[in-house]
Structure formats: structure tokens, C-alpha cells
Amino acid sequence: MRQYILFVLFFFVLFSFSFLKKKEFVFIENIPWPKPIHNYTQTPNYEAKFQLGRSLFYDPLLSADSTISCSSCHLSFTGFAHVDHSLSHGINGQIGNRNAPALINLAWSPSFHWDGMFSSLESQSLNPIESPIEMNMPISKLEKTLNLKNNYKTMFYNAFGDSVIDKEKILNSLAVFVSALVSKNSKYDKVMRKDKGVSFTDQENRGYKIFQIACASCHQEPLFTNHSFKRNGLLVDSALNDLGRYNVTNNPKDSLLFKVPTLRNIQYTFPYMHDGRFMRLKEVIKHYSNLSFKNIELSKELRKMKALGEHEQKDLLSFLYTLSDKEFLFDKRFQFQR
Amino acid sequence: MIAVSIFGQHQIQKVGIHFFFNQEPLMANKKHLLKDSFSYVSISNFKFYLSEIKLVNKTQSKVYSKSDKIQLINFNLLEEEKSTFENDFISLEVPSGIDDSCYLSFVIGVDSTTSRAGNFTKSLDPTLGMYWAWNTGYIHFKLEGESNLFSKTSPKFSYHIGGYSGTYATQTHCISRLYFPLNGENNPYINIDLKDYLFKMMKLYKESMVMIPGEKAKTFANNFPMLFKQ
């Protein structure tokens, strides 16, 4: 009997340890990464807020007719991009005018949306909820809806020490969840960290060199974006007529500039660009390989780029595949909890 | 294409799938001109799930063979992308000694149990672009392209037909009236011609985008059998 109790105790201790371990979530930097801008990990009840944010992220209650959740357009398995949808569709099947970007390492991002319209994750989150073509849910109505749900009242209590549900708490917990979507275990990261037994193939190495010369000035390591607004040589889609950054600043110099997106998990976040015009990564590389260099509207980083041959294009592609992080894409913590 | 190979007591019967637009072989992004030689339709993306594939007799009272596979048929794949799955053919194990005439029966789409289960392997991998979200499940059928019949300035059209619960489940049971003798000499195949189907849907809705479960999606699904030609 005594043995039995000891045995149970042992497992209890083991279990609570694994529980504790699951709870902590910190930014461990093995290679120099910049400090995150939106860092919530030190806020009280971080884990409760994370879980609440996750529940909200997957809940179609956030939309007027209870059909659309954040995950309708941001799918975990594809880096939270709207895979195979060039333009996103929201409530009643209405089509937006931009491609839903991946949600990866946004804790480091000074601005959000393709034109940098928002500077905090909280203000960003309000946008899809209230947008008439996305979720079409006035936030005051959402407050009322959630305040009638006992399970949410408990979750908000655990997260904020207060079961009254309001706009600030809703947006804050969504921000906590989204900021936790950190991808840093790709092959690239493992090679950079000098993990045992991981190295680039010759082809990946050649591709990395090309990348550093041709792409890294904008898609800067280790985040694979420098968060600036640039023009990468795309012709304007006359049907959408999207002027990009100009919409925010009204400065003619900013016309047709778009935010440099991260390239992490790029293999899975198709289609590509702000309007999802390219289905395949191959087509993107072709685009960069055949730029018209006389085009003065091209950002300066690209004006001196030399055309890439077929082999170089393949090498570059194989390097980009090393940015895929399956641990992140299939992380159960980020998925809908069945 | 190898039509039949001997496999123990069974034969493996391969059934190819051929794609057409108005009886012309379908080509990705090619402008298929219509009669007036001014209007066109081009297809950039066409894929759908095939499941519950069975070989049955005419009255469906006997099932000779069935497959547990859920296949993603994908018309527009590059050669190097083709290796992973059975993208443009069906293969079935067939017991020897059937002298009845056989019919192929299948469902277009993913059933609700599978949609709910969250088994994300093989053809159900969400990175293949056919998964919406936990509450809406899989897109059963996706057809995208361009046609100036919609609008000259924005000719794009997108049909994402899916849904698995409530009144709007859109999987339809579809018996294609396909007959093939099992003598091992023929290469049976299914013909899919998009024209009649697409035109009927365009007439009904005049809408270039149907991308959510609902009444419209259900009508789209109910008409799937029109796609299959002998």
C-alpha cells in the first residue's frame, strides 16, 4: 500500500512539473534577435490570457452571423495565412481587397497590415471584428454577447481578475495570443544555432549566398523583414487599384509601397503578395529574376539586382524552404482545442 | 498508364480522369474560346475530393470493391508536384471473376465525421489549400478562373463549395453512369467537362464568387453529376 502511495505521489509530482513546464512561455534567444516590441509575457496571468485569446481567435461568435472566426482567414497550419485564397472572404462571402498575411513573429513588428495602418495588436484586432466585410460585429454587441456566456465569464475572471467583459479585455487577450505566434525552429534557425547534426546542403548554401546579396536588404535576418515599406516591381492591378502605404500617409512618395512581409514558412503561405497574385513560390522568384531595371519606381535595393539564371533560381528556392518550421505550423498550443 | 496488374487474387483497376472544356482538352490558364469567338473561359485552379469510391452493380445492391481513400483530384499540377498523391486517377482493387457490368460510385467531398475528426494527414493536409476552419471543415470542390462573361474589367471567378453540418452539408452522392468491362484490355476513364456545369451555374447566379457554405453552395453541389460525361 505504502509503495502504491509513493508511486502515485511520484507521478503527481512528475505531472505537476510537466504542467508547469507547459505553462511557461518565454522568448529564449540562442542567436541574437532584437527585443520584441509587443511583449506580453511578463503580464500577470499570462497563460490564462493566452488561452482566452486562443478561444476568442477560434470562436465564430465574434461575427454577426456566427460563421466567421479569426481562423477562417488565418489558418494555423499555414502560418496563419489564408492558404490558396488570393483575396480573403468574410461574412456572407464578401471579398476583401487584400490577401490575408501570415501571422508570424508579430511581436517584433512596429506596424500591421500591408500599408502599416495599425501600430498595436489591440487596435488591429478591432478592425476585422467591426469590418462590415469581415466579421461585421460592433464591439459593444460582442461585449453583450460574451457577457451572457458563463464559460467566458470564468475565463475572463481567470485572466483579468474581473468577470466583466469589455472591449479592452477582449482586444488585449487576442493580442496576447497573436503575439505568442513565434516561429524560430526552422532548419535555418537550427543551422544558425549550430544545432548538432544540422547543416545546409550545398544547394541551400548556394541559395543562402544569393539570398544575402539579392533579398536580405529588405527581407532582413533573422525576422526576414526589416518592416519597411517598399516597391518590389509589381504592376498595379487595375481592378483593385490599391495604393498601399499612400492610403495611410497621403504622401505621394508612398504611393504603391507595401510592407515587406516575413519569408518565414513561405513554402506554406501561398498565394503571395498583397493581392495574392502569385500561386507558386517559383513564380515569385521568376518575378524577381526578370525585373525591369530601368523601372525607376523600383525601390533602390532592387535596382542593382542582376538577373538570376535557372540554376540560381532553384538554389534560392531550396534556401527558402529551409525557413519552414513544422514545429510551429503543427504546434497544438496554437490550434483549436478539440 | 498501366490498366491492370495482377495482385494476389485481386486486380488493380486504374481509372483515369480526363478534363475538358467544351470537348476540348482543358489546359490551365488557356483561354477556351466560345462560339462567338470573343467570349472565353480560362481555368486556373480546379480541384475536388473524391471519397467512398466503390465498384457496384447496376442496382447498387452489390458492392464488389471499395476504397477507404479520400483522394484530392487536382487538375493544375506541375509535373514535379505530381508524385505525392493520386491526382488524376482512381485505383481500385477488384476481385476476379465478376461477369456483371460494373458501375463506379463515389462521393464528391469529405464526410462530416472526417471533417470533424481533425485528421490532417495525406490528402487532408490543410496546407493543400482545401481546409477552411474547424467549424466549416473542408472545401469539397474548388473551381477558379476567368471569363469576360462576368465582367470585362474583373473577369475572375471563384467557387469554393463546401460545408459539412446542418442544412448546408454539400457532399452529394454522385453516381456517374460509367461502365467498364473488366477484361484488362481497356483503359477506362472518366471524362469531366466543365462547360455545361459552369454555364448552368453562371445562369443561375450570375455571381463570380461563391465561397461559403449555404443555399447557393448546395445548389452547386447538387449539380456536380452534370460534370461527369461518359
Side-chain angles (χ1 to χ4, degrees), chain A residues 57-63 65-97 237-241 265 267-271 275-280 282-283 314 317 324 326 329-330 332 335-338, chain B residues 28-29 44-47 72 74 76-78 80-81 115-121 124-139 142 144-146 150-163 165-166 168 205 207-217 220:
Chain A
F57 191 88
Y58 284 100
D59 201 335
L61 266 185
L62 267 65
S63 65
D65 63 358
S66 295
T67 58
I68 310 280
S69 72
C70 306
S71 78
S72 300
C73 301
H74 298 290
L75 182 64
S76 65
F77 309 97
T78 56
F80 293 89
H82 203 178
V83 65
D84 211 7
H85 285 69
S86 42
L87 302 174
S88 289
H89 53 93
I91 202 145
N92 295 325
Q94 292 183 87
I95 312 298
N97 58 354
D237 180 323
S238 56
L240 295 169
N241 204 17
N265 300 299
Q267 183 179 358
Y268 296 107
T269 62
F270 63 95
D275 52 7
R277 69 177 65 186
F278 297 125
M279 274 313 269
R280 294 183 168 90
K282 249 174 112 166
E283 299 167 39
K314 283 204 175 117
L317 193 63
S324 299
K326 289 257 170 153
L329 297 172
F330 286 86
K332 288 228 154 55
Q335 295 173 10
F336 173 67
Q337 306 292 299
R338 280 167 202 282
Chain B
N29 300 313
S44 57
N45 202 359
F46 176 38
K47 41 191 184 180
L72 180 58
N74 190 344
N76 181 12
L77 280 183
L78 302 177
E80 68 256 33
E81 294 167 335
S115 294
R116 239 175 234 122
N119 166 12
F120 295 125
T121 56
L124 296 172
D125 185 335
T127 62
L128 295 168
M130 295 293 275
Y131 188 69
W132 270 324
W134 68 273
N135 58 324
T136 36
Y138 286 89
I139 297 170
K142 185 181 268 196
E144 294 179 318
E146 290 191 6
F150 286 112
S151 144
K152 277 176 205 105
T153 48
S154 47
K156 287 202 166 89
F157 67 89
S158 259
Y159 299 128
H160 296 183
I161 308 306
S165 62
Y168 295 132
Y205 293 117
E207 256 173 72
S208 56
M209 307 272 168
V210 174
M211 301 172 93
I212 50 168
E215 238 358 287
K216 280 179 214 148
F220 268 78

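Just so you know, these numbers come straight off a predicted model, no measurement behind them. Chain letters run A, B, ... following the sequence lines, proteins first, then strands; residues in each count from 1.
For the side chain to side chain donor-acceptor pair (under 3.5 Å) test, no residue two or more places apart in sequence or in another chain qualifies with B:Asn135. Residues satisfying the ring pair (Phe, Tyr, Trp, His ring centres under 6.0 Å) criterion with A:Phe330, sequence neighbours excluded, are A:Phe77.
No other option in A:Val83, A:Asp84, A:Ile95 has as many heavy-atom pairs under 4.5 Å with chain B as A:Asp84. Counting heavy-atom pairs under 4.5 Å between each of B:Lys156, B:Met130, B:Met209 and chain A puts B:Met209 at the top.
When heavy atoms are compared at a cutoff of 4.5 Å, B:Tyr131 approaches chain A by way of both its backbone and its side chain. Contacts of A:Thr67 with chain B are made by backbone atoms alone, with heavy-atom separations under 4.5 Å and no side-chain atom involved. For chain A, the nearby parts of B:Met211 are the backbone and the side chain; heavy atoms of each come within less than 4.5 Å. Using a 4.5 Å cut-off between heavy atoms, B:Lys216 does not touch chain A at all. Contacts between A:Phe270 and chain B at a heavy-atom distance below 4.5 Å involve the side chain alone, from C-beta outward.
The distance from atom SG of A:Cys73 to atom CH2 of B:Trp132, rounded to the nearest 0.5 Å, is 12.0 Å. With rounding to the nearest 0.5 Å, the separation of CG in B:Asn76 from CE in A:Met279 is 8.0 Å.
Using a 4.5 Å heavy-atom threshold, the side chains of B:Glu144 and A:His85 count as separate. The shortest distance between side-chain heavy atoms of A:Pro60 and B:Trp134 falls below 4.5 Å.
A pairwise comparison of heavy atoms in B:Ser154 and A:Ala239 identifies CB-CB, 4.2 Å as the closest pair. Contact detail for B:Pro126 and A:Leu75: the closest heavy-atom pair is CB-CD2, 3.9 Å.
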